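What follows is one structure encoded as structure tokens, with my remarks underneath.
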Amino acid sequence: MPATILDGKAMAKAIRQDVARDVARLRERGLVPGLAVVLVGDDPASHTYVRAKAKACREVGIHSEVHHLPVDTPEAVLLETVRRLNERRDIHGILVQLPLPAHIRPKAVIDAVRPDKDVDGFHPLNVGNLAIGDRCLVPCTPRGILEMVKRAGLEVAGKRAVVIGRSNIVGKPMAQLLLREDATVTVCHSKTPNLPAVAREADLLVVAIGRPAYVDDRFVKPGAVVIDVGINRLADGRLVGDVDFAKVQHVAGYLTPVPGGVGPMTIAMLLKNTVEAADAQAKAAW
Ligand code: NDP
């Protein structure tokens with residue numbers, strides 16, 4: 001029997017409707033959540049993502065603004081832009097779109113964002129609080145994946161989870177979140193030997209490596225939940241994930257499509273993080 005497809009687009013739509021209701025309630029109290037996105041340079045994919053984020057904000061009533069800086073912007077100017085946004089009371093979330101041009105140190109920029117406005121969840125304080133299980137802003141992609149799994153009614157506690165990829169934005173926070181949810185977690189990367197055999201142990205397999213259709217049926221235990229985070233554009237313009245959908249759909253129990261899987265959930269979680277940040281900042285100001 002082919003895998004049940006986890007429809008991230010439909011789930012994200014439902015979440016955006018919930019967020020719109022939350023925003024309306026905050027607006028009644030005179031609080032308009034505000035997100036600032038900082039974009040440096042002209043990377044076409046980054047522009048597409050930023051446009052999608054701004055549109056999603058508008059649709060739920062979040063104020064959004066894009067600060068577009070030229071590709072040769074000095075690091076000091078970018079840091080000053082972030083500092084000014086840190087101080088603004090009408091901006092509750094700040095997101096610096098990655099990747100940055102090579103002359104800018106991403107760590108310096110991530111460290112400069114006020115932790116309670118860090119809606120990407122990349123600041124070391126949020127990373128640390130996630131690791132020790134304290135209150136924090138959780139990175140949007142892993143948060144969206146967990147939300148998707150829960151909305152599908154799938155159990156995480158006690159399950160074997162394997163995460164392939166150990167980036168700071170997806171793999172590592174995903175592993176931390178799954179651990180927090182009582183899964184038994186294994187994290188794999190490019191130096192993991194016998195990867196298909198390790199992946200085959202997973203009840204829940206999350207793949208975030210950036211390699212088109214790399215994970216095929218040899219990596220998947222029959223009936224497993226397979227989450228494909230990858231977004232890869234092929235030479236012919238098609239978007240494909242890191243999972244070979246055609247092969248894996250005959251083995252997995254549940255599978256996310258690309259596009260229409262994790263991507264829309266990531267944006268929905270950005271909206272949620274922004275609203276939660278606005279609410280928390282308003283409460284802290286009282
Ligand atoms: P990175 O390039 O930062 O990290 C890739 C990770 O995958 C690394 O840990 C790397 O290992 C590992 N890896 C690479 N090749 C292999 C391999 N052959 N076998 C095992 N592990 C491997 O990528 P990101 O985490 O930023 O992104 C991963 C993918 O997810 C990309 O396609 C990206 O576009 C997509 N993405 C999608 C999002 C969404 O909203 N849907 C959001 C963010 C990312 P090592 O550490 O050893 O080098």
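Computed from a predicted model, the values in this text were never measured in an experiment. Whatever order the structure lists ligands and atoms in, that order sets their numbers, starting from 1. Computation of the quantities below employed the complete heavy-atom set of this structure, encompassing side-chain atoms and omitting hydrogens, waters and symmetry-equivalent molecules.
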Subject >> Under 4.0 Å to a heavy atom of Gly263 - the qualifying atoms of ligand 1, by number >> reply: 40 (O), 41 (N)
Original post:
Would you call Arg83-Glu80 a salt bridge at under 4.0 Å N-O?
Top reply: yes
Original post:
Is the shortest N/O to N/O distance between Arg166 and ligand 1 below 3.5 Å?
Top reply: yes
Original post:
Hey, is Gly171 one of the residues with a heavy atom under 4.0 angstrom from ligand 1?
Top reply: no
Original post:
In the protein, what heavy atom is nearest to atom 15 (N) of ligand 1, and what distance, to one decimal place, separates them?
Top reply: Arg211 NE, 2.6 Å
**OP:** Indicate yes or no for a side-chain donor-acceptor contact from Lys117 to the backbone of Leu85 under 3.5 Å, with no hydrogens or angles considered.
**Re:** yes
Original post:
What's the shortest distance from atom 5 (C) of ligand 1 to any protein heavy atom, and which residue and atom give it?
Top reply: Ile209 O, 3.7 Å
**OP:** Measure the distance from atom 42 (C) of ligand 1 to every protein heavy atom, then report the residue, atom name and distance (to 0.1 Å) of the closest one.
**Re:** Thr141 OG1, 3.3 Å
Original post:
Which atoms of ligand 1 are found less than 4.0 Å from any heavy atom of Ile169?
Top reply: 26 (O)
Subject >> Top protein contact for atom 35 (C) of ligand 1, by heavy-atom distance >> reply: Val229 O, 3.5 Å
Original post:
Checking Arg200 side chain against Arg218 main chain: does a donor-acceptor pair fall under 3.5 Å?
Top reply: yes
**OP:** Identify, for atom 19 (N) of ligand 1, the protein heavy atom at the shortest distance, and state residue, atom and that distance.
**Re:** Leu195 CD2, 3.6 Å
Original post:
In terms of side-chain geometry, is the basic nitrogen of Arg114 or Asp116 positioned less than 4.0 Å from the acidic oxygen of its partner?
Top reply: yes
Original post:
Of the protein's non-hydrogen atoms, which lies at the shortest distance from atom 3 (O) of ligand 1, and what is that distance?
Top reply: Ser167 CB, 3.4 Å
**OP:** Check ligand 1 against Asn232 and write out every atom of the ligand that is under 4.0 Å from a heavy-atom position of the residue.
**Re:** 32 (O)
Original post:
Is it true that atom CG of Asn194 has more than 12 heavy atoms of other residues, nucleotides or ligands lying nearer than 6.0 Å?
Top reply: no
Original post:
Are Arg88 and Glu65 within salt-bridge range, i.e. N to O under 4.0 Å?
Top reply: yes
Original post:
Between Cys140 and Thr266, what is the shortest heavy-atom contact and its length?
Top reply: CB-O, 3.5 Å
Subject >> Salt-bridge criterion met for Arg143 and Glu181 (N-O under 4.0 Å) >> reply: no
**OP:** Do me a favour and list the nearest non-hydrogen protein atom to atom 48 (O) of ligand 1 with residue, atom name and distance?
**Re:** Ser190 OG, 3.6 Å
Original post:
Under 4.0 angstrom from atom 11 (O) of ligand 1, is there any protein heavy atom?
Top reply: yes
**OP:** Taking only heavy atoms of Tyr214 into account, list the atoms of ligand 1 that are under 4.0 Å away from them.
**Re:** 18 (N)
Original post:
How far is atom 40 (O) of ligand 1 from its nearest protein heavy atom, and which residue and atom is that?
Top reply: Thr266 OG1, 2.8 Å
Original post:
Looking only at heavy atoms, which two atoms of Met265 and Ile15 are closest? And how far apart?
Top reply: CE-CD1, 3.5 Å
Subject >> Lys221 with Glu201: basic N within carboxylate O range, under 4.0 Å >> reply: no
Original post:
Taking both backbone and side-chain atoms of Ile231, is any N or O found less than 3.5 Å from an N or O belonging to ligand 1?
Top reply: yes
**OP:** Check whether any protein heavy atom sits under 4.0 Å from atom 27 (O) of ligand 1.
**Re:** no
Original post:
Quick check: does any side chain N or O of Ser167 sit under 3.5 Å from a backbone N or O of Val170, one acting as donor and the other as acceptor?
Top reply: yes
Subject >> Asp18 and Arg151 ion-paired at < 4.0 Å >> reply: yes
Subject >> Pick from Val187, Val170, Val262: the one approaching atom 44 (C) of ligand 1 most closely through a non-hydrogen atom >> reply: Val170
Subject >> For Gly210, the ligand 1 atoms whose distance to one of its heavy atoms is below 4.0 Å >> reply: 28 (C), 29 (C), 31 (C), 32 (O)
